[in-house]
Amino acid sequence: NSLVGRLFVGIGYPYGNLDVLPFEKKYFTGGANGIRAWQVRSLGPGTYKAPEDSYPNQSGDIKIEGNLEYRYKLIRFLEGAFFLDAGNVWAINEKDNRRGAQFKPTTFYKQIAIGTGTGFRFDFDYFVFRLDMGMKVRDPAQTEHHGWILGTRKLTADDFNLSFAIGYP
């Protein structure tokens, strides 16, 4: 059995003749190697909520993310895990006009998303295949109940995310 954790803090700042970071340099979260309760690039920035019919592509200039995972052996090559993920991305300046996207030192902690879940790890020594089911606990884009989901409303299919990945998160 093992308990593993990870913390990531990153800031990208445009300089020179750039007003904003180039797209490929921006941070994103969600997905198999981020906050697993959200699809990749579908969380943030801040409290911003993308329109329902848009392709998920939320990104920002600042990223804070942490993961805690408890791993345990089941049988031979099969391992189980419970995890807790938290974090978000934000915009660094007013050039990003998405409502709620800007990082504010006095309120950013209220915009932290939280997800939890469980999964299986198939450890074949050379490769580790991972299957995780994440569940949203706190969604900063939700205005009711300060974003808390558990215990405040009925869970829907949108509150869960299934991720497949190679390697440990």
Side-chain angles (χ1 to χ4, degrees), residues 3-13 20-21 23-70 80-120 130-165 168-169:
L3 182 66
V4 294
R6 177 180 74 95
L7 178 66
F8 179 90
V9 178
I11 299 173
Y13 189 77
V20 295
L21 282 177
F23 175 76
E24 64 274 4
K25 300 291 184 187
K26 287 186 172 274
Y27 294 108
F28 63 90
T29 190
N33 293 314
I35 301 176
R36 291 166 270 189
W38 277 263
Q39 291 181 3
V40 68
R41 297 183 184 264
S42 65
L43 172 61
T47 59
Y48 175 74
K49 184 170 179 69
E52 291 291 326
D53 59 347
S54 68
Y55 183 77
N57 196 19
Q58 282 85 280
S59 59
D61 309 318
I62 298 172
K63 178 178 178 177
I64 300 173
E65 185 176 275
N67 311 89
L68 195 60
E69 183 169 294
Y70 175 71
F82 294 109
F83 58 85
L84 180 68
D85 305 330
N88 206 336
V89 294
W90 293 270
I92 205 163
N93 61 37
E94 298 295 325
K95 294 283 183 182
D96 191 326
N97 61 1
R98 293 176 286 185
R99 185 182 179 118
Q102 279 72 33
F103 180 86
K104 294 186 170 71
T106 57
T107 60
F108 80 94
Y109 64 92
K110 295 177 184 177
Q111 300 173 344
I112 298 291
I114 301 172
T116 190
T118 188
F120 293 107
R130 188 164 42 94
L131 188 64
D132 289 326
M133 174 60 79
M135 179 180 73
K136 295 176 184 174
V137 174
R138 184 173 189 280
D139 185 355
Q142 179 179 299
T143 56
E144 304 87 37
H145 306 288
H146 302 287
W148 292 102
I149 294 171
L150 285 181
T152 62
R153 65 170 172 80
K154 189 173 181 179
L155 296 174
T156 67
D158 289 337
D159 295 324
F160 295 91
N161 184 46
L162 184 64
S163 301
F164 174 76
Y168 286 114

Does Leu155 have any side-chain contact (heavy atoms from CB on, under 4.5 Å) partners at least two apart in sequence or in another chain, and if so, which?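 For Leu155 the side-chain contact (heavy atoms from CB on, under 4.5 Å) partners, ignoring immediate neighbours, are Met135, Ile149, Leu150, Asp159, Phe160.
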Heavy-atom side-chain proximity of [X] to [Y] below 4.5 angstrom:
| X | Y | value |
| --- | --- | --- |
| Phe103 | Val89 | no |
| Thr116 | Asp85 | no |
| Val40 | Phe28 | yes |
| Asp132 | Leu162 | no |
| Ile11 | Tyr27 | no |
| Phe108 | Ile64 | yes |
| Lys63 | Lys26 | no |

Would one find more than 12 heavy atoms of other residues, nucleotides or ligands at under 6.0 Å from atom [atom1] of [X]?
| X | atom1 | value |
| --- | --- | --- |
| Gln142 | CD | yes |
| Phe120 | CZ | no |
| Glu52 | CD | no |

Ser42 side chain vs Trp38 backbone, donor-acceptor pair below 3.5 Å: no
Is a donor on one side and an acceptor on the other found under 3.5 Å between the side chain of Arg138 and the backbone of Ile112?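 Such a contact is found between Arg138 side chain and Ile112 backbone.
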Shortest non-hydrogen contact from [X] to [Y]?
| X | Y | result |
| --- | --- | --- |
| Gly115 | Ala37 | CA-CB, 3.9 Å |
| Ser163 | Asn161 | OG-ND2, 3.4 Å |
| Asn88 | Gly46 | ND2-O, 3.0 Å |
| Ala165 | Ala32 | CB-CB, 3.6 Å |
| Ile35 | Ala113 | CD1-O, 4.3 Å |

What's the verdict on side-chain contact (heavy atoms from CB on, under 4.5 Å) for Asn67 and Leu84, showing C-alpha distance, side-chain angles and the deciding distance? CA-CA 6 Å; Asn67 311 89; Leu84 180 68; over 6 Å; no
Quick one: do the Trp90 and Gln111 side chains pair a donor with an acceptor below 3.5 Å?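 A donor-acceptor contact under 3.5 Å links the two side chains.
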Can Gln58 and Arg98 be counted as having a side-chain donor-acceptor contact under 3.5 angstrom?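 No - no donor-acceptor pair under 3.5 Å links their side chains.
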With a distance cut-off below 6.0 Å to the six-membered ring centre and an angular limit of 45° from the axis, does Arg130 pair with Phe164 as a cation-pi contact?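 Relative to the ring axis of Phe164, which defines the angle, Arg130 lies outside at least one limit.
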Quick check for you: to the nearest 0.5 Å, what is the distance between [X] atom [atom1] and [Y] atom [atom2]?
| X | Y | atom1 | atom2 | value |
| --- | --- | --- | --- | --- |
| Glu94 | Gln102 | CD | CD | 4.5 Å |
| Leu43 | Lys49 | CG | NZ | 11.0 Å |
| Lys25 | Ser59 | NZ | OG | 14.0 Å |
| Asp96 | Tyr48 | CG | OH | 9.0 Å |
| Thr47 | Lys110 | OG1 | NZ | 11.5 Å |
| Glu65 | Leu7 | CD | CG | 9.5 Å |

Could you please spell out the steps behind the salt bridge (charged side-chain N to carboxylate O under 4.0 Å, His left out) verdict for Arg6 and Glu69? CA-CA 9 Å; Arg6 177 180 74 95; Glu69 183 169 294; over 6 Å; no
